[in-house]
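In what follows, a single structure is set out as structure tokens and then discussed.
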Amino acid sequence: MATINSNFLKLKAGYLFPEIGRRVKAYTESAPDKAAQIIRCGIGDVTEPLPSSVREAMHKGVDEQGDRETFHGYGPEQGYEFLRTAIVENQFADLGISADEVFISDGSKCDTGNILDIFGKGNTIAITDPVYPVYVDTNVMAGNTGDADEKGAYEGLLYMPCTAENGFVADVPTEKADLIYLCFPNNPTGAVATRAQLEAWVKYAKENNAIILFDAAYEAFIQDPEIPHSIYEIEGAKDCAIEFRSFSKNGGFTGVRCAYTIIPKQLTGKADDGSDVSLHQLWSRRHSTKFNGASYPVQVAAAAVFSEEGKKQVSDLITHYMGNAKLLREACQTLGLDVFGGENAPYVWVACPEGTTSWEMFDKMLHEAQVVITPGSGFGSAGEGYFRISAFNSRENVIEVCERLKTALTPVSA
Ligand SMILES: *Cc1c(COP(=O)(O)O)cnc(C)c1O
């Protein structure tokens, strides 16, 4: 009899987005005339087409595959040198990261989940609340937690509440943690960490021999020149941090799939016998055993993000989405709601009106405005009382959403 990984049974039934899908489906079945009006501001997927420079490069990559002379079979598991070099030159110049510390993959979701392969059992895992659900669920699958309580919090995880009081940037814990997940700019709250806040985290990690897993999927959305884009801008981070980046949100690669993970060569973890082992070597072994490289045309396309034309086109995409975020922020503020995020991130994080839960707000927005938002509680219990609006949309849709927000949420005056 084949047994299963029973840790999967600890996972809560509804991963957030399937539950949203169920509610939207139930609504459209009960009100089919409204179905066409629904505007989705829920899931964190880009909406605008791939930049032309990226498409042209991908076409070229595909054509090369059609000629014996330029055909590429299996590539290096770690990714093509041309892409790793372009990444380092364009994003980590002066930060002391070398091209062989970059691992190309088919996505940051996979990387942030798979990274647990190289870490041992018994680590104390620090996770923010609210959080990108992938970090939690992959730890549950890996057996790093106990069961969930009625609020959905897993036994054994060290939750770090992110609230309006701390500006949605977790304070360094008083307890000792071994693995720390940080995501800045943050999904879902849109919060960013200042240099001083990241310095405190690096100091904490070094003092505790902990590893920071830094998810920088949204770094391209940072507008404030004082906010660091990379954890490696902080001195000492190369001794204690792994950074995850993706082409999904800047280049619009959510359907193309390309990302990368930086593991500095000096980074180590403890083996059972107490010796220090290179995490770079372990990840290299893991990556080349379980992964055969991202596709050649995709890596050619990703490199085009760093061409002159590509940079300009990506910058235009960011300007578009951040313009959306500004409109959404203003619309919510005009309604007297407390609004966070949306200034250095494509997510606007809004406090529900007094006495309304996140899911009540979700249902209200769906039924009264035909707008799909994401309930904050789906990202963790500290997200209760908030909702997330994504700025990934057309301008036309965002303007319409702003109008509908006003109609649905303006209090009926006495
Ligand atoms: C979108 C997103 C990613 C990127 O995931 P891919 O698998 O590269 O598309 C990573 N982290 C967070 C928090 C995200 O929201």
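In listed order, ligands and their atoms are each counted from 1.
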**Prompt:** Is there a donor-acceptor contact under 3.5 Å linking the side chains of Tyr296 and Glu64?
**Reply:** yes
**Request:** Would you please name every residue forming a ring-ring contact (aromatic ring centres under 6.0 Å, His included) with Phe119, sequence neighbours left out?
**Result:** none
**Message:** Is the positively charged end of Arg388 above the ring of Tyr347, judged by distance under 6.0 angstrom from the centroid and angle within 45° of the axis?
**Reply:** yes
**Prompt:** Under 30°, 30 to 60°, or over 60°: which ring-plane class applies to Trp349 and Tyr386, parallel, tilted or perpendicular?
**Reply:** parallel
**Item:** Gap separating the CD1 atom of Ile104 from the OG1 atom of Thr261, nearest 0.5 angstrom
**Value:** 9.0 Å
**Asked** Can you find a side-chain donor-acceptor pair between Asp111 and Ser105 that sits under 3.5 Å?
**Response** yes
For ligand 1, which of its N or O atoms have a protein N or O partner closer than 3.5 Å, and how long is each gap?
unit_1   : atom_1 : unit_2 : atom_2 : d
ligand 1 : 7 (O)  : Ser108 : N      : 3.2
ligand 1 : 7 (O)  : Lys109 : N      : 2.9
ligand 1 : 7 (O)  : Arg257 : NH2    : 2.7
ligand 1 : 8 (O)  : Ser108 : N      : 2.7
ligand 1 : 8 (O)  : Ser246 : OG     : 2.7
ligand 1 : 8 (O)  : Ser248 : OG     : 3.4
ligand 1 : 9 (O)  : Ser248 : OG     : 2.5
ligand 1 : 9 (O)  : Arg257 : NH1    : 2.9
ligand 1 : 9 (O)  : Arg257 : NH2    : 3.4
ligand 1 : 11 (N) : Asp215 : OD1    : 3.4
ligand 1 : 11 (N) : Asp215 : OD2    : 2.7
ligand 1 : 15 (O) : Asn187 : ND2    : 2.8
ligand 1 : 15 (O) : Tyr218 : OH     : 2.5
ligand 1 : 15 (O) : Lys249 : NZ     : 3.3

